[in-house]
Structure formats: C-alpha cells, structure tokens
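Below: the structure, in structure tokens.
The analysis underlying the following values was restricted to heavy atoms, covering all of them including side chains, and did not include hydrogens, waters or symmetry mates.
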Amino acid sequence: GSGTAVYWNPALLANKKDHGVHFQHNESFEGLLKHDFLSYCGSPYSINQSSSQSPLSFYIQLNRVPDIPISDNLDGGESFDVGAIPLIDRYATAGDLVFGAATAFKIDRWGQHWQEWSLGFALKLIHRNLYDVKGTGFGLDLGLHRKLGNRAELGIICRDVTSTLLFWDDGQVQQILPELGIGLAWHQPWEAMLSEVDLEIDLYSDLAGKTPDFEGKLFLTFSNSATA
C-alpha cells in the first residue's frame, strides 16, 4: 500500500512493509477548491508473537474553498437586482479538516475462505467550517482488500459506516450517510517501455436509497519500473 492507502482503503496498509511520509497538494477549478493531505505510516508491529504484523498510520486532510466573498445589501429588505449592487463586506472560508488514524491486518486466520484478504479501519475526527458556523463529529471507515492472482486486486471500502453525526454549534445535527466503494485493479507489465500499466475501475454509492445508485470512475496510469 502507498502513503494514500489510509484514505482510499485502509486495508491496503496490511501490505505495507516499511514506514514513510506522504504529502499531497492539488487545486481544482483554477484554484477555487484546494486539497492538502499529509500522512505518516509506521513500521508494522505485533501485539504478541502469535498475531500478525499491523502498521499504524496517521493522517491530516484539509479540503477548503478559501476567500468566499460575503455580500451585504445597503437595504436589508431590498432584493438584489441591477440597481442594488451588493457590497463585499468580508471574506470567509468553507472546508473540512480531518484527523485520522488507521491500521490493518491479514484475516486469513478466520478460515480458508479469507485467504489473501486484509481488513483495515480508520477512525477520523471531522471539523467542518461553513461560513460562521462550525461542526464536529467522529467517523469510522472500514475496508477490505484481496489479491486476485499476481496482477489483479479487489478492494471494498465503506466510509462513515456508522453514519457519522456532525454536531454544529448552532444546535443542529447533520448525518453523513455511509458510502460504499468497490474497486478492481489490473497491473500489466509493459516490458517494451520498461513500465507498468495500471487499470482501475471504481464504483461508489452513498447507500441513501433502497437500491444503491453507483457512480463509476476509470483510472489508467503508467509507472516506470526501470532500475539502475
């Protein structure tokens, strides 16, 4: 698993053999939406000699829309039109700040049907800022991962599996419904280019209805496998 495994599917951490730090920053819509992600994964540890080794990972995630102009009208009872030009009174930021910790382990001890399977979970603290109100809540993500031969992998992730509750400082309570994700990846070496081609298909549903409505994503990536 990579440094982003704690976000995409914590079960991938069971395959991580060493420690490391990962930082990521990206912007969308010409800088309107900013995303920062920092994670640390420690070396695998064992609770006792009979247990399998499990890594422990920590991460901080910040998603935000900065510098949102807040407009006020000179006349509070007057509607906005061409003649009533709003004035920018101040700027605000909306976003989420998430602190999380995750671990994973092999579950082949559960029986022969669980061979090659890994189970991971991530506990997260969410702080959401929306203009002048703030909300805080705890959430839990659960993930499963299985290797299908030498080149294929199957991943299942359920975010906010316990229906995360956000408690706002104005007294309101917001419920974040569980989201189910299913991913299938295929790794194909490309010897002519000294690289590897990765094909990944992901399906997501927020499980809000009786019949889940899945959205699909397709990723095709190339990685250099040349060695000195």
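- Between the side chain of D141 and the main chain of L123, no donor-acceptor pair closer than 3.5 Å is present.
- No donor-acceptor pair under 3.5 Å is formed between the side chain of N129 and the backbone N or O of D96.
- At a threshold of 4.5 Å between non-hydrogen side-chain atoms, the residues R64 and H35 do not count as touching.
- The shortest side-chain heavy-atom distance between L97 and I60 falls under the 4.5 Å cut-off.
- Taking all atoms of both residues into account, the shortest heavy-atom contact from V6 to A122 is O-CB, 4.4 Å.
- In this model, a donor atom of one side chain and an acceptor atom of the other lie less than 3.5 Å apart for H145 and E153.
- Two residues are said to be in side-chain contact when any heavy atoms from C-beta on lie closer than 4.5 Å; L38 and V21 meet this criterion.
- A continuous path of hydrophobic side-chain contacts links L144 to L148 [ILVMFWY only; heavy atoms under 4.5 Å].
- The 12-atom threshold is not exceeded at NZ of K147, counting heavy atoms of other residues, nucleotides or ligands nearer than 6.0 Å.
- Residues I107 and L119 approach most closely at CG2-CB, 3.7 Å, considering heavy atoms.
- Clustering ILVMFWY residues whenever any of their side-chain heavy atoms sit less than 4.5 angstrom apart, transitively, puts L130 in the very cluster that holds I126.
- Between the side chains of T136 and H127, at least one donor N or O lies within less than 3.5 Å of an accepting N or O.
- Rounded to the nearest 0.5 angstrom, S163 OG and L140 CG are separated by 11.0 Å.
- A donor-acceptor distance shorter than 3.5 angstrom exists from the side chain of D169 to the backbone of K134, with no hydrogens or angles considered.
- The two residues C41 and L13 make their nearest non-hydrogen contact at SG-CD2, 4.0 Å.
- The ring pair (Phe, Tyr, Trp, His ring centres under 6.0 Å) with Y59 is formed by just one residue from the set F23, F37, W8, F99; it is F37.
- The main-chain N or O of A102 is never found under 3.5 Å from a side-chain atom of S57 such that the two would form a donor-acceptor pair.
- If you take NZ on K106 and OG on S118, they are separated by 3.5 Å, rounding to the nearest 0.5 Å.
- Considering only heavy atoms from C-beta on, L166 comes within 4.5 Å of I176 through its side chain.
- T164 places none of its side-chain heavy atoms less than 4.5 Å from the side chain of P178.
- Proximity of a side-chain donor or acceptor of N63 to a complementary backbone N or O of G95 within less than 3.5 Å is not detected.
- Under a hydrophobic clustering in which Ile, Leu, Val, Met, Phe, Trp and Tyr are joined whenever their side-chain heavy atoms come within less than 4.5 Å, directly or via other members, L184 and W117 fall into the same cluster.
- Residues L62 and L32 fall into different hydrophobic clusters, defined by Ile, Leu, Val, Met, Phe, Trp and Tyr side chains chained together at heavy-atom separations under 4.5 Å.
- Tracing side-chain contacts under 4.5 Å through hydrophobic residues (I, L, V, M, F, W, Y), one never reaches F138 starting from V98; they form parts of separate clusters.
- Side chains of L177 and E179 form no contact here, defined as non-hydrogen atoms less than 4.5 Å apart.
- Counting only heavy atoms from C-beta outward, the side chains of W168 and V173 never approach each other to under 4.5 Å.
- Around CD of Q175, the count of heavy atoms belonging to other residues, nucleotides or ligands within 6.0 Å exceeds 12.
- At least one side-chain heavy atom of L180 sits under 4.5 Å from a side-chain heavy atom of I156.
- A salt bridge is defined here as a Lys NZ or Arg NE, NH1 or NH2 lying under 4.0 Å from an Asp or Glu carboxylate O, and R146 with E116 fails to meet this definition.
- Taking all atoms of both residues into account, the shortest heavy-atom contact from A11 to G143 is CB-O, 3.4 Å.
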